[in-house]
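One-based numbering, in listed order, for ligands and for the atoms of each. In what follows, every heavy atom counts, from backbone to side chain, and hydrogens, waters and symmetry copies are set aside.
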Amino acid sequence: MDRLRIAGGKRLVGEIPIGGAKNAALPLMAASLLTDQELTLRHVPRLADIDTMTNLLVQHGVTITLVGANGKNGNGHAKGDERRANGGGVTMRLKADDVGSTTAPYDLVRKMRASVLVLGPLVARHGQARVSLPGGCAIGTRPIDLHLKGLQELGAEVVLEGGYVTARAPHGLTGARIVFPQVSVGATENLLMAASLARGETVLVNAAREPEVADLARCLVAMGAEIEGIGTDQIVVRGVDRLHAAEHQIVPDRIEAGTFAIAAAITGGDIELLGMDLALMEAPAKTLGEAGVAMSGTERGIRVAAGNRRPAGVDVMTEPFPGFPTDLQAQMMALMTVSEGAAMITETIFENRFMHVPELCRMGANINVHGSSAMVRGVASLTGAPVMATDLRASVSLVLAGLAARGETTVNRIYHLDRGYERVEEKLAACGADIERVRD
Ligand code: UD1
């Protein structure tokens, strides 16, 4: 299993191209199931989760081709310069003109929870879908009850059997008013896709406002859907009979950008995040600003400049967008371990999302967890250690800690990292980090 070896203490200076957002790409790929015509997605990041979604869609019968940055249809391995220019992404063409199977099998769904995003499009267009339940995962129980309840409200019959959920709507779905009791990104996306092909009007109340949800809605509009209230918590969808071909460029990854912003912050560095839009990251920018790290818009993206002093301790609470994202909580905690003062970090979205804490403590951090809050008391410096990652964002927080630590850090089990970060070690090394991938 691959590891990352990091010799800490290097100040990061330079520029990093930000790729297309993984969390936008996954639902956008699932949206290809809504039409028999071709959907073209640009800036698709090269990540293990994208491969899992590709495998899932291919087994449903979708034809997927990658147009590499080398200009030819191919395996998507683009050449160096061009990959760097767009953050590493590729163009993907998806055509679901011959969907043979409407079952999403356990083997694929258990690898990635976002597989459940095929449910809405399959029921809406094919009248039925059978999707394995995603099961427990490292960051809490994460049920899909909101997805299922919403589909039932659109008229689908939903049955749970043998670890699978089967949803049927042989005569099509019908629009409805759906009030989410809690904000859910995935449920909003699933129902947005399903409602696009339902009869009549659907209103999604207390919908997720994440930029990735808005990106999906914009792509659906390009495919012929009628949607109002994009980017708000009340989305109105007037169903159409069919959707058509479209081309869409994926929104840049605010979580990848936030992670590299914290890499600059934790090393006292100065990095420009190319292709990123500050408007998509107001909450992290405000929090980092309070810690003494300036983020400002530039012509090409965002500049992140750390001050000369250690970051100040800042309290953080995760919230749905536009609040501070849970997907940056572990990284922010890594920064706070070396802050001047203390920081209370409260996780409100997922239970059990503090698995990075014991590993950060092994590097000398001072953190105490009380329920959903962690009290971080800043230390002057961390020390390198062998550490192990347990989920995607936890892994990258250990990489960040390693960049700041004295001595050598080895981050083991980095397959988690490869699910969500494209060429992370190359991007960091280009700014002066001493980091390498060790293959066994
Ligand atoms: C998405 C993101 C993930 C991010 C999360 C929150 C993707 C592929 N993943 O995950 O990176 O951390 O949003 O921003 O986009 N819940 C229920 N019932 C449901 C659905 C959700 O109780 O049916 C709960 C979850 O357990 C969690 C909360 O709602 O506590 C929010 O989850 P949700 O927004 O649905 O997260 P995902 O869409 O799975």
Side-chain angles (χ1 to χ4, degrees), residues 20-31 44-45 47-50 52-53 56 109 111-120 131 133-153 158 160 165 167 178-194 204 206-217 233 250-251 253-256 258-259 280-281 283-284 317-332 346-355 372 391-397 416-417 419-421:
K22 164 180 88 80
N23 286 354
L26 295 171
L28 285 165
M29 289 171 71
V44 178
L47 301 168
D49 274 7
I50 299 294
T52 304
M53 184 57 95
L56 179 61
V109 179
K111 275 196 192 162
M112 189 184 65
R113 226 186 107 70
S115 307
V116 79
L117 291 168
V118 299
L119 191 55
V131 175
L133 284 168
C137 89
I139 56 170
T141 42
R142 300 179 84 176
I144 57 162
D145 56 314
L146 302 173
H147 302 237
L148 302 182
K149 201 160 158 288
L151 285 175
Q152 280 171 324
E153 282 169 315
V158 175
L160 298 180
V165 47
I178 298 172
V179 182
F180 294 107
Q182 169 184 357
V183 177
S184 163
V185 173
T188 304
E189 291 167 343
N190 233 335
L191 292 162
L192 194 53
M193 291 189 277
L204 303 177
N206 197 23
R209 287 181 283 165
E210 268 65 5
E212 295 75 22
V213 176
D215 204 39
L216 170 66
D233 63 359
I250 296 171
V251 69
D253 196 323
R254 66 199 164 96
I255 305 301
E256 185 192 23
T259 301
L280 300 180
M281 11 188 352
M317 187 183 287
T318 63
E319 283 170 335
F321 191 86
F324 191 93
T326 174
D327 286 351
L328 283 178
Q329 180 258 108
Q331 300 89 314
M332 193 62 200
T346 305
E347 173 59 57
T348 71
I349 310 291
F350 292 114
E351 63 204 74
N352 197 14
R353 206 176 196 184
F354 283 142
M355 275 125 14
S372 60
D391 76 36
L392 170 54
R393 309 302 171 186
S395 334
V396 86
S397 77
H416 289 293
L417 206 66
R419 288 186 45 205
Y421 291 91

Report task. Evaluate the criterion side chain to side chain contact (heavy atoms under 4.5 Å, CB included) for residue pair L148 and L160; output intermediate values, then yes/no. Result -> CA-CA 10 Å; L148 302 182; L160 298 180; 4.2 Å; yes

Requested in this report: Could you pull out, from T326, V213, L148, the option with a heavy atom nearest to atom 14 (O) of ligand 1?
Outcome: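 Minimum heavy-atom distance to atom 14 (O) of ligand 1 goes to T326.
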
Query raised in the report: Of the choices N23, V185, T188, L328, which has the non-hydrogen atom that lies closest to atom 8 (C) of ligand 1?
Result: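 Answer by nearest heavy atom: N23.
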
Below 4.0 angstrom from a heavy atom of [X], which ligand 1 atoms are there? Numbered from 1 as shown, please.
X: H147; answer: 23 (O)
X: D145; answer: 17 (C), 18 (N), 19 (C), 22 (O), 23 (O)
X: R113; answer: 39 (O)
X: R353; answer: 12 (O)

N/O separation below 3.5 Å, [X] to ligand 1:
X: I349; answer: yes
X: K22; answer: no
X: F350; answer: no
X: Q182; answer: yes
X: E189; answer: no
X: G186; answer: yes

May I ask whether [X] has any heavy atom positioned less than 4.0 angstrom from an atom of ligand 1?
X: E347; value: no
X: E212; value: no
X: P143; value: yes

[X] vs [Y] side-chain heavy atoms within contact, under 4.5 Å:
X: Y421; Y: R393; answer: yes
X: M332; Y: F324; answer: yes
X: S372; Y: E351; answer: no
X: M112; Y: M53; answer: yes
X: P45; Y: I50; answer: yes

Query raised in the report: Only one of T259, D391, L328 clears side-chain contact (heavy atoms from CB on, under 4.5 Å) with V396; which?
Result: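 Among the candidates, only T259 passes.
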
Report task. Quickly, which of I250, L392, I255 forms a side-chain contact (heavy atoms from CB on, under 4.5 Å) with K22? Name it, please. Result ->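 Option passing the side-chain contact (heavy atoms from CB on, under 4.5 Å) with K22: L392.
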
**Report entry** Evaluation steps, side chain to side chain donor-acceptor pair (under 3.5 Å), between E319 and T348
**Finding:** CA-CA 6 Å; E319 283 170 335; T348 71; over 6 Å; no

**Report entry** Which residues share a salt bridge (Lys or Arg N to Asp or Glu O under 4.0 Å) with E212, sequence neighbours left out
**Finding:**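 For E212, the residues satisfying salt bridge (Lys or Arg N to Asp or Glu O under 4.0 Å) (neighbours in sequence not counted) are R254.
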
